[in-house]
Amino acid sequence: MSIENIKKDFETELANCHTLSSLEELRIKYRGQKGIITLLSRTIKDQPKEERGAFGKNVNILKNNADNLLNNKKEELKVIELESKVESEWIDPTIDIKLEKGHLHPLSEIQNKIEDIFTSMGFVVLDGPETETEENNFEALNIPKDHPARDMQDTFWTTDGNLLRTHTSAIQVRGMKNLKPPFKVIGPGRVFRYEALDASHENTFYQVEGMVVDKNISVANLIASMKTLLKEVFEKDVKVRLRPGYFPFVEPGFELDISCLICNGEGCSVCKQTGWVELLPCGLVHPEVLKHGGIDPNEYSGFAFGLGLNRLVMMKYGINDIRHFQSSDLRFVKQF
Ligand code: PHE
């Protein structure tokens, strides 16, 4: 084929190339190792001597010309392909997509609120592990092994002899061991009991422990603090009653009940038809417990309380079954 014809064919085919991949095919066809122009330039040396110079020159012009055209076309096609990609894949960030927003769970919300209330009164927030030692959960709280009070809190034991804490009182034990009196602490957390479930009993629930140790702490201090707490949480006056309650780690011990806000004190499944809900067990810290925590009961006294967060949320929002909290039912969570 003449140089002139090769040039024509190449230029026609080039004009028909519309993609980078077909351009690459064309390049290989003409300028690859076995390409038409490449092979042609290898025949220069076989030409008759007198034609060789002119032939060589023309083949070189053909070759350089083809390379230039290929390069230019490549740049052109790159731009075109990028533009069509931008056109087909563009997104509009201004479109208003209705994404559902998450929010805090009512238990977290109330816990935050309680932490705010207490830190504003000078309390420090403590943390503790959910798996506890028998010592921190029971012994240090004046509940030795065979004490009948162990039956008040059925326990999940771990195979290595530890347990899932049955109450946040284990946090006050850690507090006493680590802090020097006077101190005011709260310890929020999740607790576990091996219980049969019903409308007011769960095996997993939340408490906030509170403890104040100072000189001359009395029941009057305890009651004043509990009243402030309830007023701030409910943002209204709620009817409360105080009655004796037994816990081995306080003396005297109390049950602070509030009038059931679900049935307005008339009796329902949550308050077990009594019209009252146990919300805030509390008392003055037993001297044995102070001693166990390394605090001299002759010098210091204290009060402690254990607030049930689930019940608090139930009262606040009129939730009539504690099992909703663990049900994973989104309809429940989305109401708040
Ligand atoms: N830890 C007790 C419970 O969970 C509650 C409590 C705490 C009682 C502090 C008195 C003082 O049952």
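Whatever order the structure lists ligands and atoms in, that order sets their numbers, starting from 1.
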What do you reckon, does Gly253 put a non-hydrogen atom under 4.0 Å from ligand 1?
no

Stacked cation flag Lys184 on Phe118, 6.0 angstrom / 45 deg
no

Which of these passes side chain to side chain contact (heavy atoms under 4.5 Å, CB included) with Ile114: Leu307, Val125, Thr119?
Leu307

With Glu51 via side chain to side chain contact (heavy atoms under 4.5 Å, CB included) - residues at least two apart
Gln47, Pro48

Would you check the N or O atoms of His167, main chain and side chain alike, for any that come under 3.5 Å of an N or O of ligand 1?
yes

Atoms of ligand 1 less than 4.0 Å from Arg193 heavy atoms?
3 (C), 4 (O), 12 (O)

Residue pairs passing the ring-ring contact (aromatic ring centres under 6.0 Å, His included) test with at least one member in residues 167-186, sequence neighbours excluded, are His167-Phe249

Is Gln207 near ligand 1, meaning one of its heavy atoms is under 4.0 Å from it?
yes

Distance filter under 4.0 Å to Ala304 heavy atoms, resulting ligand 1 atoms
9 (C), 11 (C)

If you have a sec, work out which protein heavy atom is nearest atom 7 (C) of ligand 1 and how many Å separate them, to one decimal?
Gly306 N, 3.4 Å

Which segment of Phe249 sits under 4.0 Å of ligand 1 when only heavy atoms are counted:
side chain

If only side-chain N and O atoms count, and only distance matters, is there a donor-acceptor pair under 3.5 Å linking Asp198 with His201?
yes

A student comparing Glu278, Glu209, Gln153 should find that the heavy atom closest to atom 12 (O) of ligand 1 comes from Gln153

Do any heavy atoms of Arg165 fall under 4.0 Å from ligand 1?
no

Please determine whether ring-ring contact (aromatic ring centres under 6.0 Å, His included) holds for the pair Phe247 and Phe138, giving the CA-CA distance in whole Å, both sets of side-chain angles, and the decisive distance to 0.1 Å.
CA-CA 11 Å; Phe247 304 92; Phe138 288 128; over 10 Å; no

Hey, looking at atom 5 (C) of ligand 1, which of Pro248, Gly245, Pro281 has the closest heavy atom?
Pro281

Exam field: side chain Glu81 to backbone Leu20, donor-acceptor pair closer than 3.5 Å
yes

